[in-house]
Participant: 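Handing you this structure, nothing more for now.
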Amino acid sequence: AGAAGEPPAQARKESGTESPPGDRANVGVAGADIATMDWPTLRTSIVTCQACQLGSSRRAPVLSAANALRRADWLVVGEPPDDAEERAGAPFTGPAGQLLDNMLKAVGVSRHDAAQHGSAVAYVTNIVKCRPAPVRNPAPEELATCENYLRCELALVQPKVILALGRFAAHTLLQESVPDVASIPLGKLRGQIYRYQGIPVVVTYHPTYLLRTPLDKARAWADLCLALHATTLNQSNQNHHHRDDQQNMNESAHGVRGD
């Protein structure tokens with residue numbers, strides 16, 4: 001029998017979250033493969049991944065539920081999985097997940113049945129898909145390896161905004177746009193709209209931190225409002241580009257016809 005609260009091995013196998021025991025040659029997803037991946041291929045790649053030390057030490061990868069695999073308005077990126085998330089095989093479980101749901105609901109966003117309730121849709125994930133064991137910070141090369149999976153998710157979700165929850169999520173998403181970002185405290189990264197792969201990024205505190213430090217919930221609320229504002233800015237930019245493209249097409253058509 002496994003440890004208390006740990007899903008039995010058979011249950012993990014049937015759910016598709018346990019790594020096949022005989023396949024240790026999988027090296028994850030290469031950057032060139034991102035554009036060609038669909039959801040089933042991505043999930044299979046994560047489940048079988050042994051590209052870094054995290055894959056060999058995990059009990060199970062942490063993935064969003066299969067019914068959550070869809071396009072979404074918000075991409076919410078959390079910290080490396082904790083023990084509860086690894087046992088559940090899903091991101092943002094327990095009290096932290098409940099707080100996240102309440103935070104999102106306050107700005108009209110949901111990761112559960114959003115389409116049926118007229119809410120914007122959120123897709124949630126972790127910055128790495130495996131819990132570092134023993135408990136430690138993920139190494140830079142582990143973060144870099146798993147970032148390719150995040151880029152796959154981004155390409156499939158096509159969000160209007162990315163909400164980065166916590167230090168590792170923020171540093172990974174901003175490392176190409178903010179000099180020396182790893183040396184900047186999370187609190188100093190708040191209050192601005194950044195870009196990752198062309199998508200607006202807003203940084204805030206992880207729900208686990210907010211459960212320990214409830215006085216910072218007011219700051220997190222301001223960050224959520226900023227993220228909501230970023231979705232409208234992004235939509236306005238898309239509409240502007242669409243109008244420009246349509247105008248260019250019309251001008252080209254006039255030139256061809258000789259009008």
Side-chain angles (χ1 to χ4, degrees), residues 27-37 41-42 45-46 49 51-55 61-64 71-81 91-92 122-130 132 136-206 209 219-220 222-224 226-238 240-241:
V27 293
V29 54
D33 296 333
I34 293 173
T36 62
M37 276 203 165
T41 306
L42 174 59
S45 183
I46 293 174
C49 182
C52 70
Q53 183 62 31
L54 296 181
V62 176
L63 307 169
S64 286
R71 292 188 180 182
D73 304 287
W74 292 47
L75 173 62
V76 180
V77 184
E79 293 288 71
F92 294 102
Y123 172 86
V124 300
T125 190
N126 296 97
I127 195 64
V128 294
K129 312 309 179 196
C130 305
R136 60 176 175 83
N137 293 334
E141 60 270 19
E142 293 167 341
L143 288 165
T145 297
C146 230
E147 188 180 357
N148 278 334
Y149 289 127
L150 180 64
R151 293 190 180 201
C152 285
E153 290 173 302
L154 181 66
L156 291 167
V157 171
Q158 298 186 19
K160 298 174 183 176
V161 68
I162 302 171
L163 186 65
L165 303 179
R167 177 165 58 101
F168 290 106
H171 289 174
T172 300
L173 292 168
L174 304 184
Q175 62 185 336
E176 295 183 359
S177 59
V178 179
D180 300 320
V181 67
S183 65
I184 302 176
L186 183 72
K188 292 187 179 298
L189 293 172
R190 295 178 47 256
Q192 300 183 56
I193 298 176
Y194 305 91
R195 293 270 168 176
Y196 179 80
Q197 301 289 302
I199 306 300
V201 177
V202 172
V203 174
T204 193
Y205 301 109
H206 194 280
Y209 167 83
R219 294 187 175 93
D223 298 331
L224 288 172
L226 180 62
L228 186 62
H229 177 62
T231 65
T232 62
L233 288 178
N234 196 41
Q235 187 62 47
S236 297
N237 289 337
Q238 290 178 355
H240 177 73
H241 291 315

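Predicted model, so just to flag it, every value in this text is computed and none were measured. Throughout, residue positions are numbered sequentially from 1 according to the sequence presented.
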Participant: Report yes or no: does Thr145 contribute a side-chain atom to a donor-acceptor pair with the main-chain N or O of Glu141 at less than 3.5 Å?
Facilitator: yes
Participant: Can you tell me how far SG of Cys146 sits from CG of Leu54, rounded to the nearest 0.5 angstrom?
Facilitator: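 Reported to 0.5 Å precision, the distance equals 7.0 Å.
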Participant: Compare every heavy atom of Leu163 with every heavy atom of Trp74, then report the nearest pair and how far apart it is.
Facilitator: CZ3-CD2, 4.1 Å
Participant: For the residue pair Tyr194 and Leu173, establish whether any side-chain heavy-atom pair is separated by less than 4.5 Å.
Facilitator: no
Participant: So, for His171 and Val181, which heavy atoms are closest and what is the spacing to 0.1 Å?
Facilitator: NE2-O, 3.2 Å
Participant: Hey, is CZ on Arg151 packed in by over 12 heavy atoms from elsewhere, all under 6.0 Å?
Facilitator: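 Enclosed: over 12 neighbouring heavy atoms sit under 6.0 Å from CZ of Arg151.
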Participant: With side-chain contact (heavy atoms from CB on, under 4.5 Å) as the criterion, how do Leu154 and Tyr196 come out once you've worked through the C-alpha distance, each side chain's angles and the decisive distance to 0.1 Å?
Facilitator: CA-CA 10 Å; Leu154 181 66; Tyr196 179 80; 3.9 Å; yes
Participant: Are the side chains of Leu42 and Ile46 in touch, meaning some heavy atoms are under 4.5 Å apart?
Facilitator: yes
Participant: Report yes if the side chains of Pro159 and Asp73 come closer than 4.5 Å at any heavy-atom pair, otherwise no.
Facilitator: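 No - every pair of side-chain heavy atoms lies 4.5 Å or more apart.
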Participant: To the nearest 0.5 Å, what is the distance between CG (Leu165) and OH (Tyr205)?
Facilitator: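 Result: 12.5 Å between the selected atoms.
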Participant: Just by distance, no angles: are the side chains of Glu147 and Gln175 close enough, under 3.5 Å, to form a donor-acceptor pair?
Facilitator: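 Looking only at side-chain atoms, Gln175 and Glu147 do form a donor-acceptor pair, the distance falling under 3.5 Å.
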Participant: Write down the atom of Glu79, the atom of Phe168, and the distance for their closest heavy-atom approach.
Facilitator: OE1-N, 2.9 Å
Participant: How long is the span from the OG atom in Ser64 to the CG atom in Asn126, to the nearest 0.5 Å?
Facilitator: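 Result: 8.0 Å between the selected atoms.
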Participant: Any chance CZ of Arg136 has more than 12 other-residue heavy atoms, nucleotides or ligands included, within less than 6.0 Å?
Facilitator: yes
Participant: Dump the intermediate steps for side-chain contact (heavy atoms from CB on, under 4.5 Å) on His206 and Phe92, then the final yes or no.
Facilitator: CA-CA 10 Å; His206 194 280; Phe92 294 102; 3.5 Å; yes
Participant: Which heavy atom of Pro91 sits nearest a heavy atom of Val62, and at what distance?
Facilitator: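 That closest heavy-atom pairing would be N-CG1, 3.4 Å.
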Participant: If I compare all heavy atoms of Thr125 with all of Glu153, which pair ends up nearest, and what's the gap?
Facilitator: OG1-OE2, 2.9 Å
Participant: What I want to check is whether the side chains of Tyr149 and Ser45 have a donor and an acceptor closer together than 3.5 Å.
Facilitator: yes
Participant: Would you call Pro200 and Arg195 a side-chain contact if the rule is heavy atoms closer than 4.5 Å?
Facilitator: yes
Participant: Atom OG1 of Thr231 and atom CD1 of Ile162: how far apart are they, to the nearest 0.5 Å?
Facilitator: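 CD1 of Ile162 is found 13.0 Å from OG1 of Thr231.
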Participant: Quick one: pull up CZ in Arg190 and OG1 in Thr204 and give me the separation to the nearest 0.5 Å.
Facilitator: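 Those atoms lie 6.0 Å apart.
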Participant: What is the minimum heavy-atom distance between Ala227 and Val161, and which atoms define it?
Facilitator: O-CG2, 3.9 Å
Participant: Working to the nearest 0.5 angstrom, can you tell me the gap between Ile193 CD1 and Asp223 CG?
Facilitator: 11.0 Å
